[in-house]
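What follows is one structure encoded as structure tokens, with my remarks underneath.
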Amino acid sequence: MPEYNIEHICFLTEGQKDELAEAITRIHSTTFGTPKMFVNVKITDTSEGNLYVGGKRRRTNRIFAYVRPGPSRTQKDYESVSNQIVAEWDKIVPLPQVQRSLPKPDQSLNLIMFFGCLVAGYEAGFMIPQAGEDQEWFKDNLAAFQAKADAGDENFKEMIEECKERGFKLV
């Protein structure tokens, strides 16, 4: 459902990328009630790219989030998600320092921007619900999710367990 695109100029290990993806997934999922299986994170090294801010070439780390807008999601919710992501970035990214012949790129996260542009979509075989309607959508599709899990789809097995643990109403 949502997609978070991380663009980084500083070196990130595979472990750091994994940790960032896990942290963003957890933060979005717990804040907005979206099953983790539907939180997408893309990480792209843009250290060689051409980014201009204010008409000048800039090098920066940033995150763009494409989300479902709706009245159940407030400005404070997005600010909270931003603050949590910045805190996770600051814990994960400064480790380890890698020596390069170029000047050390800035490791700080400079920008998080949310785009409330997902009005409809299809993912993993299902139409995505409106923002704030995830639990009802889960309940309405539980039989189909369970069929996929019973057929051996690990993603759906994990999603069903996660939703049970988080107290989604199943009936």
Side-chain angles (χ1 to χ4, degrees), residues 1-9 12 16-46 49-53 58 60-90 92-93 109-149 151 153-170:
M1 293 176 211
E3 180 168 322
Y4 286 81
N5 291 326
I6 300 172
E7 296 180 356
H8 65 95
I9 58 162
L12 296 177
Q16 288 170 313
K17 292 175 190 176
D18 293 346
E19 286 184 63
L20 285 168
E22 289 170 10
I24 288 171
T25 299
R26 177 183 38 78
I27 292 165
H28 185 95
S29 179
T30 56
T31 301
F32 297 121
T34 305
K36 291 178 183 179
M37 175 180 158
F38 293 101
V39 179
N40 301 279
V41 179
K42 177 182 172 188
I43 302 175
T44 305
D45 181 343
T46 58
N50 294 311
L51 170 66
Y52 291 81
V53 176
R58 302 285 188 219
T60 187
N61 300 300
R62 58 198 195 154
I63 298 174
F64 295 103
Y66 302 92
V67 299
R68 296 170 294 155
S72 66
R73 296 179 176 187
T74 67
Q75 180 73 22
K76 287 186 182 205
D77 291 332
Y78 290 113
E79 290 171 1
S80 173
V81 168
S82 294
N83 287 330
Q84 291 177 71
I85 290 172
V86 169
E88 289 294 327
W89 178 279
D90 289 345
I92 295 167
V93 172
L109 181 58
N110 186 57
L111 170 80
I112 300 175
M113 191 173 293
F114 288 88
F115 297 92
C117 56
L118 299 177
V119 295
Y122 174 86
E123 187 172 4
F126 299 89
M127 299 307 293
I128 64 172
Q130 295 296 309
E133 297 178 6
D134 293 46
Q135 286 195 27
E136 186 68 27
W137 170 82
F138 183 82
K139 186 173 80 173
D140 291 346
N141 290 288
L142 181 57
F145 296 157
Q146 189 64 58
K148 287 184 172 279
D153 189 314
E154 291 298 320
N155 291 320
F156 281 93
K157 286 180 185 178
E158 289 174 12
M159 182 185 68
I160 289 170
E161 281 307 308
E162 170 200 352
C163 291
K164 286 178 183 176
E165 289 170 7
R166 289 176 42 198
F168 275 41
K169 294 184 178 18
L170 304 180

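- Aromatic pair F138/F126: ring centres not closer than 6.0 Å.
- Pairing each heavy atom of S29 with each of P35, the nearest pair is OG-C, 4.2 Å.
- Atom CG in N5 sits 11.0 Å away from atom OG1 in T46 (nearest 0.5 Å).
- Relative orientation of the F38 and F156 rings is perpendicular, given thresholds of 30° and 60° on the angle between their planes.
- In this structure, CH2 on W89 lies 7.5 Å from NE2 on H8, to the nearest 0.5 angstrom.
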Evaluate side-chain contact (heavy atoms from CB on, under 4.5 Å) for I63 paired with I24, printing each intermediate quantity in order.
CA-CA 10 Å; I63 298 174; I24 288 171; 4.1 Å; yes

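- For the pair R68 (side chain) and P129 (backbone), a donor-acceptor distance under 3.5 Å is present.
- Between T30 and I27, the shortest heavy-atom distance links the atoms OG1-O, 3.4 Å.
- For residues 16-30, the set of pairs meeting the salt bridge (charged side-chain N to carboxylate O under 4.0 Å, His left out) definition, not counting sequence neighbours, comprises E14-K17, R26-E88.
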Show the numbers, then the answer: is there a side-chain contact (heavy atoms from CB on, under 4.5 Å) between L20 and V41?
CA-CA 9 Å; L20 285 168; V41 179; over 6 Å; no

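- One finds a salt bridge joining K139 and E136 here, because a Lys/Arg side-chain nitrogen approaches an Asp/Glu carboxylate oxygen to under 4.0 Å.
- Here the closest non-hydrogen pair linking R73 and A131 is NE-CB, 3.7 Å.
- For the pair V67 and P2, the tightest heavy-atom approach, listed with the atom from each and the gap, is CG1-CB, 4.1 Å.
- Atom CE of residue M37 and atom NZ of residue K157 lie 13.0 Å apart, to the nearest 0.5 angstrom.
- For the residue pair M127 and W137, the shortest heavy atom distance occurs at O-NE1, 2.9 Å.
- In terms of modelled atom types and a separation under 3.5 Å, the side chain of T25 and the main chain of A21 share a donor-acceptor contact.
- Considering OH of Y78 and CG of N83, their distance stands at 15.0 Å, rounded to 0.5 Å.
- Between K36 and the choices H28, E162, M159, the side chain to side chain contact (heavy atoms under 4.5 Å, CB included) rule is met once, by E162.
- Within the model, atoms OG1 of T44 and CZ of R62 stand 10.5 Å from one another, a figure rounded to the nearest 0.5 Å.
- No option in K42, E3, E7 other than E7 meets the side chain to side chain contact (heavy atoms under 4.5 Å, CB included) test with F64.
- Proximity of a side-chain donor or acceptor of D77 to a complementary backbone N or O of T74 within less than 3.5 Å is detected.
- A perpendicular orientation is assigned to the rings of Y4 and F114, their planes being inclined by more than 60° (bins at 30° and 60°).
- In this structure, N61 contributes its side chain and N110 its backbone to no donor-acceptor pair below 3.5 Å.
- Using a cut-off of 4.0 Å between Lys/Arg side-chain N and Asp/Glu carboxylate O, D134 and R166 are scored as not salt-bridged.
- Of all non-hydrogen atoms in Q130 and V119, the two that sit nearest each other are NE2-O, 3.3 Å.
- The CD1 atom of I92 lies 11.0 Å from the CG atom of L109; values are rounded to the nearest 0.5 Å.
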